[in-house]
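Keep in mind that this is a model prediction, so the values were computed, not measured. Residues: numbered from 1 along the sequence shown.
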Amino acid sequence: MDNFPTVGLKTSLSIGILALALYYLWGDMSFNDLRGLFLVVAFVMMLTLKKSENSLFSVTPQISSFTHHILPVTVLAIGVACFTLFYMEFIRQYVTGQEVDYIVGFLVSGELEVSEKLKYLFETVILAPLSEEFFFRFILLSSICLLLRSKFIGVILSSLLFAYGHEDPVVAFSLGITASIVLLEYMSIYSAIILHAIYNLWIYTVEVFIVPAFFFNDWDFAPSGNIGTIVSIVALAVSFLALLIIKGKEKSIQ
């Protein structure tokens with residue numbers, strides 16, 4: 001496929017298959033054990049392939065640019081997080097009658113301990129983005145694109161498999177589609193990792209800090225069941241406005 005990185009895919013695919021085989025061979029391994037294994041492999045690939053030409057682990061010029069890469073990806077991540085929370089707090093709650101997951105959790109167990117918050121932070125913001133993007137985007141998406149010679153089919157199939165491995169397939173599928181598009185746009189796995197990490201960090205912030213603050217302090221000026229969406233819309237508007245202002249200043253200087 002034209003302009004599609006191939007360096008490291010064969011090695012990554014074989015190691016990925018071996019990791020899955022070990023996971024199913026020893027059934028007592030947890031999902032986080034498997035994530036940890038992929039995390040180690042991802043770090044090895046980062047170190048060995050970062051200087052290789054035509055590799056998704058090579059750092060592209062866009063990666064080092066805040067306004068041309070980091071900020072747009074941040075806005076996109078918050079936008080997908082906003083959709084996620086809107087889906088959780090409005091669509092799924094009022095259409096299907098299901099309760100919002102994190103509010104049910106806090107109602108049952110109360111606020112999380114500091115150790116629980118740190119563990120949750122590591123799992124969601126570091127472990128999940130690195131391991132999942134390496135497997136679902138670097139291995140699966142890239143392999144499907146190369147085998148079937150179709151980026152569209154690669155994006156859809158890898159995102160469906162990504163959704164299948166998560167509790168809420170609608171949320172995971174939307175994130176998978178977005179991460180795949182970002183990877184293909186910037187041609188670097190780091191782009192997808194940054195998107196996934198920022199997305200998870202925002203969801204983490206809402207679930208661990210913002211919602212409990214409203215719920216346990218009985219703040220009545222906004223409904224705690226919808227506060228995630230409300231705050232996310234504000235954050236999305238502010239970050240998008242900042243992006244437009246910075247882009248506008250850059251154009252005026254040029």
Output for pair (Ser142 OG, Phe4 CZ), nearest 0.5 Å, gives 4.0 Å
| said: Less than 6.0 angstrom separating the ring centers of Phe57 and Phe138, yes or no? | reply: yes
Q. Backbone N or O of Leu140 within a donor-acceptor pair of the Ser143 side chain at under 3.5 Å?
A. no
Tested for side chain to side chain contact (heavy atoms under 4.5 Å, CB included) against Ile233, the lone hit among Ile230, Leu236, Thr229 is Thr229
Inset, instruction - Starting from the C-alpha separation in whole Å, work towards a yes-or-no answer on side chain to side chain contact (heavy atoms under 4.5 Å, CB included) for Trp202 and Val206. - result: CA-CA 6 Å; Trp202 182 252; Val206 170; 3.8 Å; yes
query = Does the pair Ser158 and Ser180 meet the rule for a side chain to side chain contact (heavy atoms under 4.5 Å, CB included), with working shown?
reply = CA-CA 8 Å; Ser158 62; Ser180 299; 3.9 Å; yes
- Would you call Ile181 and Leu76 a side-chain contact if the rule is heavy atoms closer than 4.5 Å? no
With Leu241 as partner, the option from Ile245, Leu243, Val238 fulfilling side chain to side chain contact (heavy atoms under 4.5 Å, CB included) is Ile245
Applying side-chain contact (heavy atoms from CB on, under 4.5 Å) to Leu47 and not counting sequence neighbours gives none
Sorted by chain and residue number, the side-chain hydrogen bond (donor to acceptor under 3.5 Å, both in side chains) partners of Ser159 (sequence neighbours excluded) come out as none
Exercise for the section: May I ask you to check whether Glu133 and Tyr190 show a side-chain donor-acceptor distance below 3.5 Å? Expected result: no
Derivation and outcome, side chain to side chain contact (heavy atoms under 4.5 Å, CB included), residues His69 and Ile194: CA-CA 10 Å; His69 176 255; Ile194 292 170; 3.7 Å; yes
The reported gap from CZ in Phe173 to OG1 in Thr178 (rounded to nearest 0.5 angstrom) is 9.5 Å
Separation between CG (Asp33) and CZ (Arg35), nearest 0.5 Å, reads 11.5 Å
Taken to the nearest 0.5 Å, the spacing of Ser131 OG from Ile126 CD1 works out to 11.0 Å
CD1 (Ile156) and CD1 (Ile144) are apart, to the nearest 0.5 Å, by 10.5 Å
Joining Ile, Leu, Val, Met, Phe, Trp and Tyr whenever any side-chain heavy atoms lie under 4.5 Å apart, the cluster holding Tyr164 also takes in none
Taken to the nearest 0.5 Å, the spacing of Leu157 CG from Leu148 CG works out to 7.0 Å
Just checking, any donor-acceptor pair under 3.5 angstrom between side chains of His166 and Glu132? yes
Just by distance, do the side chain of Asn200 and the backbone of Val125 share a donor-acceptor pair under 3.5 Å?
no
Minimum side-chain heavy-atom gap Ser174-Val80 below 4.5 Å: yes
For Thr84, the side-chain hydrogen bond (donor to acceptor under 3.5 Å, both in side chains) test, sequence neighbours excluded, returns Tyr199
Exercise for the section: Taking Tyr204 for its side chain and Lys117 for its backbone only, find out whether a donor-acceptor pair lies under 3.5 Å. Expected result: yes
task = Applying side chain to side chain contact (heavy atoms under 4.5 Å, CB included), run through Ile193 and Phe134 and close with a yes or a no.
result = CA-CA 8 Å; Ile193 291 173; Phe134 170 71; over 6 Å; no
Should Leu130 and Met46 count as side-chain neighbours, where that means a heavy-atom distance under 4.5 Å? yes
By side-chain contact (heavy atoms from CB on, under 4.5 Å), Ser14 pairs with (sequence neighbours left out) none
Residue pairs passing the ring-ring contact (aromatic ring centres under 6.0 Å, His included) test with at least one member in residues 232-252, sequence neighbours excluded, are none
- Message: Students often mix this up, so state it plainly: with edges at 30° and 60°, are the rings of Phe162 and Phe136 parallel, tilted or perpendicular?
- Response: perpendicular
